[in-house]
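Here is the structure we will look at, set down as structure tokens.
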Amino acid sequence: MQRLILMRHAKAEASAPGGDVARPLSERGRRDAAAMGRALAERGLKPDMALVSGAQRTRDTWDGVSEHFGDVELHVSDALYNAPADVLRRAVEAAEDQAGCLLLIAHNPGVHQLAVEYLIESAASPSVLDKMSGGFPTGAAAIFSVDVAGRPSYEGWLTPETLA
């Protein structure tokens, strides 16, 4: 793997008859997901594999971003639903030899915690750590380049608000 994109699902509805796991994206979330997919693709960030939580809002986010990527090997996993950072990390590590560019779409706080862990491990600058300390908004993506030893290094940060 040469690149890793950690993404939080886009803005979801407040509730759904089927409970939290069934919450779909809101209209804003659908717009944001499409905009993020377009922005990633315009920057040459087209994954060849995606790991997506089984929750409706993450699958809806995938539907929005994937319109801009072409063929991508998709793996939807209920194990990623509200998973902590260590579970997300293991999923990334299990897929690292199968993808050149890997996209993970999951939930907070796990996505945020994993991104911060990678930043700390790669000795990211204080300004980058400060940027990430403000949280991981819905629809946001942290982009990491990955060296031959499998160590991610911060490459960029996109949020739907910065694209507007």
Side-chain angles (χ1 to χ4, degrees), residues 1-13 16-115 117-118 136-148 150-160 163:
M1 172 173 63
Q2 295 88 34
R3 187 161 282 129
L4 171 65
I5 304 166
L6 299 178
M7 185 172 186
R8 182 179 177 197
H9 63 80
K11 182 75 174 165
E13 295 291 346
D20 184 65
V21 74
R23 290 191 301 134
L25 290 186
S26 66
E27 181 58 37
R28 177 184 138 202
R30 287 189 292 279
R31 284 192 313 269
D32 288 351
M36 287 295 289
R38 186 171 41 260
L40 289 167
E42 287 171 354
R43 289 162 174 78
L45 300 168
K46 295 181 181 181
D48 43 29
M49 180 183 284
L51 306 176
V52 178
S53 158
Q56 186 63 50
R57 60 191 176 275
T58 49
R59 290 182 290 127
D60 289 349
T61 300
W62 167 250
D63 289 344
V65 299
S66 67
E67 295 174 13
H68 305 279
F69 296 150
D71 289 334
V72 178
E73 184 178 338
L74 174 63
H75 298 272
V76 176
S77 172
D78 292 337
L80 300 177
Y81 171 64
N82 282 339
D86 64 315
V87 171
L88 298 178
R89 181 187 288 258
R90 283 194 300 275
V92 167
E93 290 171 352
E96 67 187 357
D97 292 334
Q98 303 166 40
C101 180
L102 178 67
L103 170 64
L104 172 81
I105 303 176
H107 311 266
N108 266 359
V111 169
H112 184 217
Q113 290 170 344
L114 182 57
E117 287 176 15
Y118 284 150
F136 209 106
T138 55
I143 300 128
F144 296 88
S145 57
V146 181
D147 68 17
V148 294
R151 293 180 301 247
S153 296
Y154 176 79
E155 189 175 306
W157 171 247
L158 293 173
T159 67
L163 302 178

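Since we're looking at a predicted model, the values are computed, not measured. Residues: numbered from 1 along the sequence shown.
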inquiry  = To check you understand the geometry: which heavy-atom pair defines the closest contact between Ser66 and Asp63, and what is its length?
reply    = OG-O, 3.4 Å
request  = Compute whether any side-chain donor of one residue and acceptor of the other, for His107 and Ser53, lie under 3.5 angstrom apart.
outcome  = yes
inquiry  = Run Val72 and Leu103 through side chain to side chain contact (heavy atoms under 4.5 Å, CB included) and show every step you take.
reply    = CA-CA 10 Å; Val72 178; Leu103 170 64; over 6 Å; no
ask   = What is the distance from atom OG1 of Thr61 to atom CG of Leu25, rounded to the nearest 0.5 Å?
value = 4.0 Å
request  = With the side chain counted from C-beta on, respond yes when Trp62 and Val76 share a heavy-atom pair under 4.5 Å apart, and no when they do not.
outcome  = no
ask   = Less than 4.5 Å apart, any side-chain heavy atom of Ile143 and any of Arg43?
value = no
query = Any donor and acceptor pair, going by atom type alone, linking the side chain of Ser26 with main-chain N or O of Lys11 inside 3.5 Å?
reply = yes
Beyond-backbone contact of Val146 with Gln2, side-chain heavy atoms, under 4.5 angstrom = no
query = How far does OG of Ser77 sit from CG of Leu51, to the nearest 0.5 angstrom?
reply = 8.0 Å
task = Could you note down all residue pairs passing salt bridge (Lys or Arg N to Asp or Glu O under 4.0 Å) where residues 76-93 supplies at least one of them, sequence neighbours left out?
result = Asp86-Arg90, Arg89-Glu117, Arg89-Glu121
inquiry  = With a 6.0 Å cut-off (strictly less than), is the heavy-atom count around CG of Asp71, excluding the residue itself, greater than 12?
reply    = no
task = State the CG-SG distance between Leu4 and Cys101, to the nearest 0.5 angstrom.
result = 8.0 Å
Where Ile5 and Ala141 come nearest, the two heavy atoms and their spacing = CG2-CB, 3.9 Å
task = Dump the intermediate steps for side chain to side chain contact (heavy atoms under 4.5 Å, CB included) on Leu102 and Glu96, then the final yes or no.
result = CA-CA 8 Å; Leu102 178 67; Glu96 67 187 357; 5.9 Å; no
task = Test side chain to side chain contact (heavy atoms under 4.5 Å, CB included) on Arg30 and Asp60 and set out the steps.
result = CA-CA 8 Å; Arg30 287 189 292 279; Asp60 289 349; 5.7 Å; no
remark   = For Arg57 and Ala12, the nearest pair of non-hydrogen atoms, with its separation, is CD-CB, 3.6 Å
query = Which heavy atom in Leu45 sits nearest to a heavy atom in Pro47, and how many Å separate them?
reply = O-CD, 3.6 Å
Atom pair CE (Met1) and CD (Gln98), whose distance is rounded to the nearest 0.5 Å = 10.5 Å
task = Rounded to the nearest 0.5 Å, what's the gap from NE2 on His9 to CD1 on Ile105? Could you check?
result = 10.5 Å
Beyond-backbone contact of Val92 with Phe144, side-chain heavy atoms, under 4.5 angstrom = no
request  = Would you check, one step at a time, whether the test side chain to side chain contact (heavy atoms under 4.5 Å, CB included) holds for Asp48 with Glu73?
outcome  = CA-CA 6 Å; Asp48 43 29; Glu73 184 178 338; over 6 Å; no
inquiry  = Under a 3.5 Å distance rule, please check whether Arg23 uses its side chain to pair with a backbone N or O of Glu13 as donor and acceptor.
reply    = yes
query = Counting distance only, does the side-chain N/O of His68 pair as donor-acceptor with the main-chain N or O of Ala34 below 3.5 Å?
reply = yes
Check: Thr58 side chain, Val52 main-chain N or O, donor-acceptor pair, under 3.5 Å = no
remark   = Pro160 and Asp32 have their tightest heavy-atom pair at CB-CG, 3.5 Å
For Ala91 against Leu80, the heavy-atom pair lying closest together = CB-CD2, 3.9 Å
task = Spell out, as yes or no, whether a donor-acceptor pair under 3.5 Å connects the side chain of Arg8 to the backbone of Phe136.
result = yes
ask   = Going from CG on Leu6 to CG on Leu88, what distance comes out if it is rounded to the nearest 0.5 angstrom?
value = 8.0 Å
